[in-house]
Amino acid sequence: MHPFPDPFVQATTLRDSVNAHDQIRAALALLPSLLFLLWFLRAASRTPEPPRVVALSYLGGCAAFALAVFGLEALDPVLSALPANIRMFVGVAPVEEALKLLVVVIVGGMPSRWGRMTSGLVYSIAVALGFAAVENIAYTDRFGIETGLVRALTAVPGHALHSALVGVQLGRAHSARSRSAIGGVALGLLIAILAHGTYNALLLETPALRTLVVPLLLVEGALVLALFRRAREEDLSSIVEQLSMVPALANAPASSLRMLATRALKRRVAPGERLFVEGDESESVFLVLGGHMTVERFTPDPNDGDAREEVGELDRGDFFGEIGVLLDRERSASVRADGDAMVLELSRTGLHEAVAVVDGLAEELRDSASQRGIDSSQLPTVTALHAEADLREERQASDLDPESLEARLRAIPLLEGLRTEVLRLLAASAWTETRRRGSVLLREGAAGRGLCV
């Protein structure tokens, strides 16, 4: 045994320790952006985007940071002559926000293909968090983990909030005229640049002024939250309008259509993508909101392998997938998008809830299946469909938390006959207030805010 450690072994151990330390530090710097992204995607779970596009948006944001570094280095001879505060507004903020916007359009495609307003928010925030992730790793590597932890609560969400101001305008562009859409996106970009520039400029001031970044981010957060809720509400209203054009739902009351809209998921199907494949489990029914789709089946000749033959076409307003759900069997065919398509997906549970609240839907489902060659004797009767809907309602009612707002609403005589799903709609748009004795609830001559209980 040597009396002293081997120098080579000692150097290797030290290098491995440093590398491990750097990896841990980089992982900690990366973690905040991923946590914020997961939290936001959960908040937007009722309007999901393709996971592949969200992931590419995040990675695109990571690449945008490198482009921003090169771009700002190229502009340095011009910007270095300006005061530091001014550089933030005319250099750093415009370059970074413009690059993030460019990545959104490149990865997510043109807004006219998205089909809903919340898409712009999701893609913009994903790109911004990818940008913030690499930036945070760079700052942590240079100034230490303490800087990375502080930035995790300020700069990382700040990037997401700045870009969200552009994202909501991008989302609006899918339904706006080209000129107004471009103007809206330009306005959103300008607001994002001003917010970003203000944030950076404050960090260059005295410690007392630096603390103003917190209220700035809080104001931005409240604005983005309000814009997100408004975008989601406009998306919901759009779905209700589209549902009302379906012949089977033409006479359904608006409240029932809204219930359906809240239970359904709006999905974009890329060109060539199969919504489901022959042999899959039947868990949902679908409504085509836009685009053209082809129904395919495997060819009967076993020697053809995976060859498929076209057996039908689906266009806007067509309802499909109900046969597998009604008969509780595997998909009898595949459905493929010929171009960009938008569909509304309603789960098995949502379909039975719809049967309960939409008069004539059970009969329409049976008629639709019969027109596609299914023997009516194989289909559940209208009575059986309503019985299944009632059974699911009983299960939902029994699962309600007695302390929940839905249960408290059901205890009101005026509302006790409403179904659980309708109570959930009411609860989602209601709020509770605690008032002191003698306070005024309603004032004579003032506009009413709603029903008070």
Side-chain angles (χ1 to χ4, degrees), residues 25-26 28-33 35-37 39-40 61-62 64-101 124-125 127-169 186-227:
R25 187 166 58 184
L28 290 175
L30 179 67
L31 186 60
S33 67
L35 292 177
F36 275 114
L37 180 61
W39 174 81
F40 178 72
C62 295
F65 175 77
L67 294 176
V69 171
F70 289 127
L72 290 172
E73 284 183 353
L75 293 173
D76 186 63
V78 177
L79 297 177
S80 59
L82 300 173
N85 286 346
I86 301 300
R87 286 202 300 269
M88 297 303 160
F89 286 97
V90 301
V92 176
V95 168
E96 293 186 359
E97 292 305 325
L99 282 172
K100 288 188 283 185
L101 172 59
S124 295
I125 288 177
V127 168
L129 289 174
F131 187 103
V134 180
E135 186 183 63
N136 207 37
I137 292 174
Y139 270 86
T140 301
D141 182 64
R142 184 174 180 181
F143 299 108
I145 193 64
E146 296 82 4
T147 300
L149 292 175
V150 172
R151 288 175 54 81
L153 300 176
T154 53
V156 172
H159 271 293
L161 293 173
H162 305 329
S163 293
L165 297 173
V166 187
V168 71
Q169 295 297 336
L187 176 61
L189 180 61
L190 176 61
I191 295 174
I193 290 172
L194 291 175
H196 192 159
T198 302
Y199 174 91
N200 286 352
L202 286 173
L203 293 181
L204 299 175
E205 299 296 334
T206 62
L209 288 177
R210 288 177 199 165
T211 60
L212 293 178
V213 300
V214 176
L216 172 65
L217 292 178
L218 290 176
V219 170
E220 277 192 81
L223 178 60
V224 170
L225 181 60
L227 291 173

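If you read the sequence from its start, that first residue is 1, and numbering goes on from there.
Closest of all the heavy-atom pairs between Leu217 and Leu161 is O-CD1, 3.5 Å. Nearest approach of Val92 to Asn200, heavy atoms of both residues: CG1-ND2, 3.6 Å. When all heavy atoms are compared, the tightest approach of Leu129 to Ser33 is O-CB, 3.4 Å. Residues Ile125 and Ala160 approach most closely at CG1-O, 3.8 Å, considering heavy atoms. The minimum heavy-atom distance between Ala152 and Phe36, with the atom names listed, is O-CE1, 3.3 Å. Pro32 approaches Asn136 most closely through the heavy-atom pair CG-ND2, 4.5 Å.
By the 4.5 Å heavy-atom criterion applied to side chains, Thr198 and Phe89 are counted as neighbours. Contact check for Thr140 versus Ile137: no side-chain heavy atoms found under the 4.5 Å cut-off.
Of the inter-residue distances, the one linking Ser124 atom OG with Gln169 atom CD reads 10.5 Å to the nearest 0.5 angstrom. Atom CG of residue Asn85 and atom CG of residue Leu203 lie 10.5 Å apart, to the nearest 0.5 angstrom. To the nearest 0.5 Å, the span separating CG on Leu67 from CZ on Phe65 amounts to 11.0 Å. Note that CG of Leu223 is 7.5 Å distant from CD1 of Ile191, once rounded to the nearest 0.5 Å. Note that the CG atom of Leu31 and the CG atom of Leu149 stand 10.0 Å from one another [nearest 0.5 Å].
Ring orientation note: the planes of His196 and His162 are close to parallel, at an angle under 30° on the 30°/60° scale.
Pairs engaging residues 79-99 under the salt bridge (Lys or Arg N to Asp or Glu O under 4.0 Å) rule: Glu97-Lys100 [sequence neighbours left out].
A distance-only check finds a donor-acceptor pair linking the side chain of Arg210 to the backbone of Glu205 [under 3.5 Å]. Side chain of Tyr199 to backbone of Ala155: a donor-acceptor contact under 3.5 angstrom is found.
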